[in-house]
Number of protein chains: 2
Amino acid sequence: MMNRSEPKGPFPGSEQTETEASAAAGLNNEALDSILLFTLRKTQAVIMQDFVSRFDALDLRPIQLGALLLIRSNPGSRQSDIAAALGIQRPNFVTMMDELDRRGLTQRTTSNNDRRSYSLGLTPQGEALVNRALQLLAEHEAFVSSRLDPNERRQLFANLNRIESGLTSGGR
Amino acid sequence: MMNRSEPKGPFPGSEQTETEASAAAGLNNEALDSILLFTLRKTQAVIMQDFVSRFDALDLRPIQLGALLLIRSNPGSRQSDIAAALGIQRPNFVTMMDELDRRGLTQRTTSNNDRRSYSLGLTPQGEALVNRALQLLAEHEAFVSSRLDPNERRQLFANLNRIESGLTSGGR
DNA sequence: TATTGTTATACTCTATAACTATA
DNA sequence: TATAGTTATAGAGTATAACAATA
């Protein structure tokens, strides 16, 4: 098993795999490659690229698909709840819902209990689109993870979730 | 060793740790939590929050610090090279350099070989700022990684780099 | 009083086309 | 012709304040 060297950067864990971008111009990237935020940025960028190119056909951006999936799994939720779960501001989610509504993918029905809020749901067309999206999503996810074995993939999710829950609960 | 359950989501690796955001409103997040892009988004968001609050004192955003670090490690580089290494467009990097210059942190000296391009460098004030920043950065990185042992941290970087280099070289 | 959805708005980030000066 | 830096610009993404309706 090659390609797994010892850490060299200022912080432990920065295997100097020589990132593509850095290798390109032959720049020394140690300082950045040992910082999680920068490494996440780069990884996210390439994943995003694959996502966007795959979902171009369905005219769905990541956050839109995220909303549709959340609404599907949580029918009857309020806009505030979905927005919070997506990590976006309520005002910005309104605009998004306007468009999903306009495209006939979602429904806002006024709640019976609390007439201030909506009960969100997918229309049949929304369901149909999500079903097509799930196929694409599986392909995307498989492609993105193709260099990881199942165990490595599990490790990756576990480590990311550990960081996230640590910083969220802990505050600072 | 608790808190490490078996995968339940549609894709392997999605340990249902019940993310903070999802747990908040009690939403079912399986569909999103098993997608790397969404998990990366959330993790990056909390890390970014910590970064921004720490570097507020130095008035440095992540990308600005990234530029300063790259220039320091690669003095004499051209703007195009640094921009490419940062993963941002050349026009946008110009604006950034304008501000770093204005703040007296960087220098653009016209190259001798090729009079179209600049040789970038840090001013003494830039060096001083970066030195202070490195201290903060170490604290940030330690805090962010505090829930990971050195080996888990190494795994995390290795897995992220594997994905990135896989998608970059492979194309699609 | 507090909350839901909304409007307006502003600021950052990102991407592209087109110019200039050099090569 | 091609490249480095630049300008202008447009589109996303993100954040906040303030309002109406409802609780």
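By convention in this document, chain letters (A, B, ...) are assigned in the order of the sequence lines, proteins followed by strands, and residues within each chain are numbered from 1. Everything quoted here is computed from the prediction, not taken from an experiment. Below, each value reflects all heavy atoms present in this structure, side chains not excepted, and no hydrogens, waters or symmetry copies.
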Value in whole Å for how far the P atom of C/dT12 lies from CD of B/Gln49 | 18 Å
What nucleotide, of D/dA4, D/dT14, C/dT6, holds the atom closest to the side chain of A/Pro91?
-> C/dT6
With sequence neighbours left out, write down each residue that passes salt bridge (Lys or Arg N to Asp or Glu O under 4.0 Å) with B/Asp59, or none if nothing qualifies.
-> B/Arg103
Could you tell me the separation between the CZ atom of A/Phe93 and the OG atom of A/Ser80, rounded to the nearest 0.5 Å?
-> 9.0 Å
Hey, does the side chain of B/Arg108 come within less than 4.0 Å of D/dT6's phosphate (OP1/OP2), counting only N and O?
-> yes
Please tabulate, one pair per line, each protein N/O and nucleotide N/O from nucleotides 19-23 of chain C that are separated by under 3.5 Å, including the distance.
unit_1	atom_1	unit_2	atom_2	d
C/dA23	OP1	B/Arg115	N	2.9

Any donor and acceptor pair, going by atom type alone, linking the side chain of B/Asn159 with main-chain N or O of B/Gln155 inside 3.5 Å?
-> yes
Looking at residues 92-102 of chain B, who's got a heavy atom less than 4.0 Å off DNA chain D?
-> B/Val94
Listed nucleotide nearest any side-chain atom of A/Arg78, set D/dA4, C/dT7, C/dG5 = C/dG5
Output yes when a side-chain donor or acceptor of A/Asn28 lies under 3.5 Å from a complementary backbone atom of B/Asn74, and no otherwise.
-> no
Picking from C/dG5, D/dT6, C/dC13, which would you name as closest to the side chain of B/Arg90?
-> D/dT6
Would you check, one step at a time, whether the test salt bridge (charged side-chain N to carboxylate O under 4.0 Å, His left out) holds for A/Glu152 with B/Arg162?
-> CA-CA 10 Å; A/Glu152 289 167 332; B/Arg162 200 105 43 83; 3.4 Å; yes
Calculate the interatomic distance between A/Met48 atom CE and D/dA12 atom C1'; express it in whole Å.
-> 11 Å
Does A/Arg108 CZ have over 12 foreign heavy atoms under 6.0 Å away?
-> yes
Side-chain donor/acceptor of A/Thr106 to backbone N/O of A/Asp101, under 3.5 Å | yes
Does OP1 or OP2 of C/dT3 have a side-chain N or O of A/Ser80 closer than 4.0 Å?
-> no
Please walk me through it: do B/Asp33 and B/Lys42 pass salt bridge (charged side-chain N to carboxylate O under 4.0 Å, His left out)?
-> CA-CA 10 Å; B/Asp33 288 348; B/Lys42 263 195 255 190; 3.3 Å; yes
So, is A/Arg41 close to the C/dT14 phosphate, meaning a side-chain N or O under 4.0 Å from OP1 or OP2?
-> yes
Below 4.0 angstrom from OP1 or OP2 of C/dT6, is there any side-chain N or O of A/Gln79?
-> yes
Calculate the interatomic distance between A/Asp81 atom CG and C/dT4 atom C1'; express it in whole Å.
-> 10 Å
May I ask you to verify if any side-chain N or O of B/Gln89 is less than 4.0 angstrom from the OP1 or OP2 atom of C/dT14?
-> no
Just by distance, with hydrogens left out, do B/Arg153 and B/Ser145 show a side-chain donor and acceptor under 3.5 Å apart?
-> yes
